[in-house]
Each structure stands twice: as C-alpha cells, then as structure tokens.
Amino acid sequence: MVGIAARELIVSKRRITGVSATVIADLVAELGPVWQARRDAELLKGPRRRAVGAGAKYKLVFVDRLLAALVHLRHGVTHDVLACWFEVDRSTITRAIGEVRPLLADRGCRIDGGLRLRTLADVIAHLGATGQTALMDATEIRVRPALGPPRRPQSVHLRQEPHQRDESRRRHGPAWPAPLLR
C-alpha cells in the first residue's frame, strides 16, 4: 500500500496524474460510491464461497486505485512499474485499473481501445480526420540504440537434442529416405 506521503506527492503534482487535486477529490467523491456499489453487487450476485469477512483484504483503497489508473492512462506506465510504486503485486494493479477504467469511461473520460497512436504525426492525422482538438503535453525521449553485435534469433536451433530428434521423427518420419538409412 502506498504511504500517505507518497499519495500526497502524487496528488499534489499535476504532471503525474494530469489532473489537479480538486479534480481528483471530485472523482473520488463521484466514483467511489459507484465503485463500492459495483463491488457489493459482485459479492452478492451468487452464493458465497467464503464466510463474510473471510478472504484476502484489498491492499489498495479506492483512492490508490484511481491514482494508479490515472497514472497508467496519462503516461502509459506498465503495470509492473505501478506495482513497484504502490508496493503491491502486478495482478492487483491490473485488477484495479480494470475496475476503475470503466468508471472513468462512464463518466466521459474515454480512451479508444483499439486505436494506438505511436507518433506525433499519427496523433495529428487522427485529430484532423475526426475534427477534434486536443491539448497535448508531450516531450521527446531519446532512446539509445542497443550496444554490441546483433544477436541471433532465439528460434534458430542448429543442433537438436536427442529427445527433440525422437519427437521430430514421430511427427514427420525419418529425416532421410529409408534406403539411405540402411
């Protein structure tokens, strides 16, 4: 679970989430009860597998779930990095983002699922085609090329192990025509 000081830092720095602290407070006030109602409905929809109060406790409160989703949507940070940041497992972050993202979409903060714009030219072309306007906060990040000689692809196997040869013979027959093997 993220500490109070770290949560305050995330909320106070608009560059991290892309929204101000007052907007985050409004989102928590608006979406928190909806999230809790959906969670309660999910628990009550079928017969219980465990007793009330049993099972694992949530390690991320709703505020942390919302912050993780906002940071992920703003910067495209991987779930692994967010998991390290919030000191939880990657699957917890994946579940949290999966729960919060539909709430944001219902509110009108929608990200098209199948559309991936990788370059600035792609973004400008998409905005021109759809007639939309956008406020962009982008910086160029330089990436160094990999050092050292190029690697051979991992799928190339020059020599098969004995168990691989046996499996290959069972599937495809002998490697040489039968008269040549004698």
Side-chain angles (χ1 to χ4, degrees), residues 1-119 122-123 134-148 151 153-155:
M1 179 170 345
V2 68
I4 293 172
R7 186 182 303 131
E8 287 177 358
L9 175 71
I10 294 168
V11 171
S12 67
K13 300 292 184 185
R14 187 178 177 139
R15 287 181 58 191
I16 297 175
T17 60
V19 293
S20 66
T22 56
V23 173
I24 292 173
D26 292 343
L27 285 172
V28 169
E30 182 181 338
L31 299 178
V34 176
W35 174 78
Q36 188 65 45
R38 285 187 182 182
R39 182 173 174 248
D40 293 342
E42 185 70 27
L43 290 173
L44 297 175
K45 78 175 187 182
R48 295 190 71 85
R49 289 188 236 161
R50 295 186 179 106
V52 176
K57 306 295 181 248
Y58 273 19
K59 293 186 178 178
L60 286 179
V61 295
F62 178 72
V63 176
D64 295 338
R65 291 169 178 272
L66 178 65
L67 292 175
L70 289 174
V71 171
H72 173 71
L73 292 173
R74 171 133 171 113
H75 297 287
V77 177
T78 63
H79 295 189
D80 289 324
V81 171
L82 287 171
C84 291
W85 199 8
F86 285 92
E87 297 176 1
V88 293
D89 191 61
R90 182 183 51 81
S91 62
T92 303
I93 294 293
T94 302
R95 187 179 337 108
I97 291 172
E99 290 172 355
V100 172
R101 207 168 164 170
L103 296 174
L104 292 170
D106 291 345
R107 189 178 182 276
C109 307
R110 187 175 306 276
I111 304 277
D112 292 334
L115 185 63
R116 179 78 50 150
L117 304 173
R118 298 192 185 276
T119 65
D122 293 343
V123 172
L135 175 65
M136 292 189 282
D137 176 18
T139 56
E140 181 180 356
I141 299 172
R142 297 183 134 203
V143 179
R144 278 192 268 165
L147 300 176
R151 291 192 202 175
Q154 295 294 325
S155 61

Rounded to the nearest 0.5 Å, what separates atom [atom1] in [X] from atom [atom2] in [Y]?
| X | Y | atom1 | atom2 | answer |
| --- | --- | --- | --- | --- |
| Asp64 | Lys59 | CG | NZ | 13.0 Å |
| Arg39 | Leu44 | CZ | CG | 11.0 Å |
| Glu87 | Leu60 | CD | CG | 10.5 Å |

Exercise. When you look at Arg65 and Arg95, which way does the side chain to side chain contact (heavy atoms under 4.5 Å, CB included) test go after all the steps?
Worked result: CA-CA 9 Å; Arg65 291 169 178 272; Arg95 187 179 337 108; 4.3 Å; yes
Problem set entry | Residue pair Ile93 / His72, side-chain heavy-atom distance below 4.5 Å |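 They are not in contact (no side-chain heavy atoms under 4.5 Å apart), so the answer is no.
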Problem set entry | Sub-4.5 Å side-chain heavy-atom contact between Leu67 and Phe86 |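 Touching, per the 4.5 Å side-chain cut-off.
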For residues [X] and [Y], report the shortest heavy-atom separation together with the two atoms involved.
| X | Y | value |
| --- | --- | --- |
| Leu31 | Arg107 | CD2-CD, 4.3 Å |
| Phe62 | Leu27 | CE2-O, 4.4 Å |
| Ala29 | Pro33 | O-CD, 3.3 Å |

Problem set entry | By side chain to side chain contact (heavy atoms under 4.5 Å, CB included) - contacts of Val77 (at least two apart) |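 For Val77, the residues satisfying side chain to side chain contact (heavy atoms under 4.5 Å, CB included) (neighbours in sequence not counted) are Val71, His75, Val81, Leu82.
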Problem set entry | Worked verdict on Asp106 versus Val34 for side chain to side chain contact (heavy atoms under 4.5 Å, CB included) | CA-CA 11 Å; Asp106 291 345; Val34 176; over 6 Å; no
For this session: Applying salt bridge (Lys or Arg N to Asp or Glu O under 4.0 Å), name anything that partners Asp80, two or more places apart in sequence or on another chain.
Result: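 Result, salt bridge (Lys or Arg N to Asp or Glu O under 4.0 Å) vs Asp80: Arg90.
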Exercise. For Ala69, does its backbone N or O pair with a side-chain atom of Arg101 as donor and acceptor, under 3.5 Å?
Worked result: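 The answer is no, because no donor-acceptor pair under 3.5 Å joins these two groups.
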For this session: Go through the steps to decide whether Val100 and Leu70 satisfy the test side chain to side chain contact (heavy atoms under 4.5 Å, CB included), and finish with yes or no.
Result: CA-CA 9 Å; Val100 172; Leu70 289 174; over 6 Å; no
